[in-house]
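Just so you know, ligand 1 is whichever comes first in the structure, and atom 1 is the first atom listed for that ligand.
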Amino acid sequence: MPAVPAAYSELCKLMRDAAHLNSVASLLNWDQETYMPHGGSEGRAEQSSLMAGIVHERRTSPKVGELIANCEADDTLMKPGSEPAANMREMRRDYDRATKLPGELVEELAKVGSLAQDVWKEARAKDDFAKFAPWLERMFELSRRKAACYGFAEGGEAYDALLDDHEPGGTAKMIEATFAPLRASLAELLKKVADSGEGPSEKPLKLKIEADKQHKFGLFVLEKMGFDLNAGRLDVTTHPFCSGIGPGDTRLTTRYRDEKFSDALYGTLHEMGHGLYEQGLPKADHFGEPLAGDISLGIHESQSRMWENFVGRGKPFWKWIMPHAKKHLGKDFGKYTVKDYYAAVNTARPSLIRVEADEATYNMHVMIRFEIERALLSGAMKVKDVPGEWNRRYKEYLGITVPDDRRGCLQDVHWSFGLIGYFPTYTLGNLYAAQFWEKINEDLPEMDKQIAKGQFSELKNWLNEKIHKHGRRYRASELCKKVTGKELSAAPLMRHLAAKAKAVYGV
Ligand SMILES: [Zn+2]
């Protein structure tokens with residue numbers, strides 16, 4: 001093995017240092033969401049912005065640019081298919097994107113984002129879209145400028161440039177091509193479900209259970225599923241999240257509702273899926289390098305959705321968990337059967353709010369947002385028409401009437417601080433999860449039996465080997481092809497949802 005070129009070692013060292021600094025920033029953020037006293041807010045905002053500035057400076061320094069160029073000129077290092085070549089491809093990408101935006105635009109985006117978020121909060125509370133409209137306009141204007149700085153491939157559109165922040169290599173056309181058949185089949189399925197009558201009761205989920213019992217139960221599930229609690233934690237926040245702080249430190253949060261234990265259970269499973277991905281990335285050897293980074297939000301979300309929906313909402317899971325749930329959550333649990341729980345967690349009912357939507361209808365919420373933000377960005381839709389376009393689509397795709405903008409186009413925070421091109425990654429996650437899941441069941445035919453016995457190690461190993469350990473070596477679409485042998489398609493998710501509708505609604 002030839003010696004590693006000095007420029008490459010130095011570059012990796014600089015990237016590792018920047019990643020460690022970023023860990024400090026993540027820890028500040030985690031603390032702010034969990035244990036920081038309210039009085040610390042202002043000081044923390046200063047600390048966070050200072051840290052963000054330092055990390056950005058480190059990652060965009062001329063020295064980094066110089067080292068990247070040196071490494072790129074080294075043919076032995078750039079051997080196609082090698083680890084260093086993959087690292088260099090991604091470092092170049094990160095560096096170019098980070099240095100393409102003028103500082104003045106970055107500052108403006110941050111400032112307008114923070115102000116617009118405040119206005120959005122008020123507008124939502126007062127159901128006043130007109131108040132938010134000029135800010136939304138301003139945010140899309142700035143986002144168009146941002147997209148122009150990034151640039152996009154010939155035949156593409158501005159949306160691609162923004163999507164690339166969250167789903168590298170993805171394009172609006174690709175998303176549209178995957179979403180269109182999904183929308184058609186989903187509409188058909190939801191119609192059948194709606195016509196089938198009332199559907200199962202959610203009563204089994206509405207047992208009153210204290211938070212500390214739920215917490216101990218959550219830890220039990222995490223441990224059994226293979227989340228390493230020596231290298232991770234579970235805490236409580238208003239908005240659950242997972243933070244891969246650094247090597248050996250992955251933190252999950254959840255929230256407890258006394259009257260509906262399934263909220264925390266599925267929230268915890270979701271964040272654990274993200275957490276297992278973080279724990280499975282090769283951070284011990286490659287921390288700070290792209291090889292230890294996640295591929296995209298879509299792939300990250302595929303991991304959380306898999307544990308939440310494909311494992312956690314399956315019958316084998318409920319077979320395994322029932323006796324443990326009775327022990328941890330109380331004997332009231334015994335009033336219901338595995339079948340009751342399976343049905344209760346798999347209802348499919350059109351609703352107004354995305355974050356409360358079930359597995360089947362959720363994707364419709366995402367598609368509506370994708371269509372609207374794409375049209376706003378290209379100028380095909382005007383901001384003033386958003387409420388009308390929103391409501392029309394809810395009627396058409398989900399068959400429901402939106403009573404006000406508070407529960408309509410003002411419900412999500414994303415656009416207010418410039419997260420455009422982010423929504424599709426939620427549905428991409430569901431699609432990837434379904435496609436991986438079919439492959440997993442082919443490779444591990446005993447999996448249902450294993451889950452019913454509480455054995456998750458083969459599943460976890462499969463994910464570690466096929467997905468996690470590669471870091472950012474492949475693009476999401478490449479990984480999908482490599483792992484499943486096929487391009488991403490809507491068919492596996494539709495098969496999964498149709499099977500559930502059959503089991504639960506008999507349609
Ligand atoms: Zn997630």
query: Taking the six-membered ring for Trp, are W318 and Y341 ring centroids under 6.0 Å apart?
result: yes
message: Under a 3.5 Å distance rule, please check whether D160 uses its side chain to pair with a backbone N or O of G156 as donor and acceptor.
response: no
message: Can you tell me how the ring of H274 sits relative to the ring of H300, calling it parallel under 30°, perpendicular over 60° and tilted otherwise?
response: tilted
message: To check you understand the geometry: which heavy-atom pair defines the closest contact between D31 and R44, and what is its length?
response: OD2-NH1, 2.8 Å
task: For the Zn ion (ligand 1), check which protein N, O or S atoms are under 2.8 Å away and list them.
output: H270 NE2, H274 NE2, E301 OE1
- prompt: Taking the six-membered ring for Trp, are W415 and F423 parallel (under 30°), tilted (30 to 60°) or perpendicular (over 60°)?
  reply: perpendicular
task: Determine, for R472 against D94, whether the closest basic-nitrogen to carboxylate-oxygen distance falls under 4.0 angstrom.
output: yes
